[in-house]
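These notes are about the structure you will find just below.
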Amino acid sequence: MRLWLTSDLSLGSSSPATFLFLPSLMVFEWFIEPGLKTKAEKRPNGKSKSGKGPGKTPASKPKVKTTPETPKEAQTYLTQVVNKGRFQKAGDTLTVHAGDTLELRCKGNPVEWAVPAYLEEDDEGRLRYKTVQHERYGTLFLANSTAADTGEFTCYPIHCEDKDCRKQYDKGVKVFIFFSDPQELFVPSADYYEVIQLRTNWPTVLPCQVTSPLAKVTLHREFPLVEVNVDGQEISFDVKKGFIIHRPKQYHAGSLYCVASLGNLRQSSTKYMLIYVNYPAAPPSPAIQASSDTEAVGQNLQVTCTVIGEQDVVVDFTWEYPGQKIGRPLYTQDSVQTVQVDGQNRQRTQTILLVDEVREVDQGTYTCTAQNLEGSRSASTSVKVCRDSHPDGTP
């Protein structure tokens, strides 16, 4: 749109008004930029508000051909069916009243489920999940639930290529479900006593699992009868596992149990007999040495196998020797001592194989294998037997 403005000059009072176009006429052009809203803005039918079509049709921008994006892989998630037509997304934990029916849906096709070990062994037909697969999700049903069903439920999406299908463990979705029972604060156990090893290099769990996350749980020692301090560092409590002893020591050993309280109800758990075992950090490294590399017939031979390692670690030895082929019996001398190595107390465990009155059949390879709770290692040496009265061949 263009707007022309002119200067209005009067040539006299008696003469009619005359408009002159002077050279100094100021001319203003106003161009409406695309996208600027005006009263003459286009309507969807291509006409302005006045009904007249536009004078010019602006050149349309060329369309850019876009490549469709690769669809994102559907995220797996769990949903609990609360009532018919009502659903809620399952979080890290769920609480279900014992006796109710549990129904979970897992998005994906196909999917596989993992359930607590107690349910895997249940053959009463309360659990259905292996054959319930819909087009977009899999379903798990658990009828007549009990406090013993408390545990972790996991859904794994299945990835298939042709006929090869595998479970995608890294994309599994887990939910811990408490089946609360007003009469059972702990998950029932058939054992009155449970023996648990306290390993020096591994956290120990006392699995006094509660059926309600609202229960208050304390740890107690049976002899002497005292409550154990749970400071969150040396010992902590996980509502989905039980009490965790992070770095077991010898003084943690003994008979312990848990006590749960909720409302007016107070119950004790199974008793746990904790046995301290000093687990080594690595398998032993034996060193072997014979009293002589060459021994004369009729002389006595000793082959020594030694392990230097951590204190209070049990090391077992086994031997392989040439005389085994003819049934020559095994005679050994074993010992355990504390020694100083680089200013630290270490344990020397040693065994000596005794071969009396060596014969030609005793020539060959002697192998010592040392084993502890972390594994085993072997060491070997060879011994030559000569007929001369002296190993160097002199008469």
Side-chain angles (χ1 to χ4, degrees), residues 92-93 95 114 116-118 147-154 174-180 184-262 265-284 309-316 336 338 344-347 371-375:
D92 184 53
T93 61
T95 301
Y118 173 81
D149 300 330
T150 297
E152 191 172 72
F153 292 72
T154 309
K174 301 179 181 181
V175 57
F176 194 96
I177 302 180
F178 298 91
F179 290 91
S180 61
E184 294 282 357
L185 294 184
F186 290 104
V187 175
S189 173
D191 300 323
Y192 179 72
Y193 259 104
E194 184 175 340
V195 178
I196 297 178
Q197 284 189 354
L198 288 169
R199 297 179 51 167
T200 54
N201 63 338
W202 198 261
T204 299
V205 177
L206 278 66
C208 45
Q209 177 60 61
V210 290
T211 62
S212 171
L214 302 178
K216 181 183 177 181
V217 191
T218 52
L219 182 61
H220 299 260
R221 182 177 294 277
E222 190 173 19
F223 305 108
L225 190 60
V226 293
E227 182 176 341
V228 178
N229 180 36
V230 179
D231 58 3
Q233 296 181 351
E234 183 176 320
I235 303 177
S236 64
F237 179 71
D238 187 330
V239 72
K240 295 187 288 186
K241 295 180 180 179
F243 286 98
I244 303 171
I245 303 176
H246 295 278
R247 296 186 64 85
K249 300 289 189 299
Q250 193 164 1
Y251 60 79
H252 290 131
S255 179
L256 281 76
Y257 63 96
C258 308
V259 174
S261 302
L262 184 61
L265 186 61
R266 178 182 171 90
Q267 289 181 341
S268 297
S269 72
T270 293
K271 289 185 172 65
Y272 302 99
M273 181 59 69
L274 275 59
I275 300 175
Y276 178 76
V277 180
N278 190 6
Y279 266 71
E310 302 168 66
Q311 288 190 300
D312 302 321
V313 172
V314 176
V315 179
D316 294 319
V336 179
T338 299
Q344 294 183 343
N345 288 335
R346 305 286 282 174
Q347 178 177 285
Q371 181 173 1
N372 62 20
L373 293 171
E374 278 296 312

Can you see which heavy atom on Tyr193 is nearest to which on Ser255, and at what distance? OH-OG, 3.5 Å

Separation between OH (Tyr272) and CG (Leu256), nearest 0.5 Å, reads 10.5 Å

Begin from the C-alpha positions of Leu274 and Ile245 and carry the test side chain to side chain contact (heavy atoms under 4.5 Å, CB included) through to its verdict. CA-CA 11 Å; Leu274 275 59; Ile245 303 176; 3.8 Å; yes

Looking only at non-hydrogen atoms, find the nearest pair between Cys258 and Leu219 and report the distance. SG-CD1, 4.1 Å

Are His246 and Glu234 packed together at the side-chain level, in the sense that at least one heavy-atom pair is separated by less than 4.5 angstrom? no

Minimum heavy-atom separation for Val239 and Pro213, please, with both atom names. CG2-CA, 3.8 Å

For Thr154 and Lys174, indicate whether the former's side chain and the latter's backbone hold a donor-acceptor pair under 3.5 Å. no

Here the pair of heavy atoms bringing Glu374 nearest to Pro283 is O-CG, 3.6 Å

Search all heavy atoms of Thr270 against all heavy atoms of Glu194 and return the closest pair with its distance. CG2-N, 4.2 Å

So which pairs with a foot in residues 202-219 pass side chain to side chain donor-acceptor pair (under 3.5 Å), sequence neighbours left out? Thr218-His220

Are more than 12 heavy atoms, taken from residues, nucleotides or ligands other than Gln344, located less than 6.0 Å from that residue's CD atom? no

Quick check against the 3.5 Å criterion: does Asp92 have a side-chain atom that pairs as donor or acceptor with the backbone of Phe176? no

Please say whether more than 12 non-hydrogen atoms of neighbouring residues, nucleotides or ligands are located less than 6.0 Å from NZ in Lys271. yes

Asp238 side chain vs Ile244 backbone, donor-acceptor pair below 3.5 Å: no

Kindly indicate whether the side chain of Pro207, heavy atoms from C-beta on, has any atom under 4.5 Å from the side chain of Ile196. yes

Within the distance-only criterion (no hydrogens, no angle test), does the side chain of Gln311 pair as donor or acceptor with the backbone N or O of Thr338 below 3.5 angstrom? no

Please name the pair of heavy atoms, one in Ala282 and one in Asn372, separated by the smallest distance, quoted to 0.1 Å. O-ND2, 3.1 Å

Is it the case that the side chain of Gln267 and the backbone of Leu185 share a donor-acceptor pair, with hydrogens and angles ignored and the cut-off at 3.5 Å? yes

Is it the case that the side chain of Thr200 and the backbone of Tyr279 share a donor-acceptor pair, with hydrogens and angles ignored and the cut-off at 3.5 Å? yes

Phe243 vs Cys208 side-chain heavy atoms within contact, under 4.5 Å: yes

Drop me the distance from Arg247's CZ to Gln233's CD, to the nearest 0.5 angstrom. 12.5 Å

If you round to the nearest 0.5 Å, how far is CG of Leu206 from NZ of Lys241? 13.5 Å

Taking side chain as C-beta onward, heavy atoms only, is Ile177 less than 4.5 Å from Asp149? no

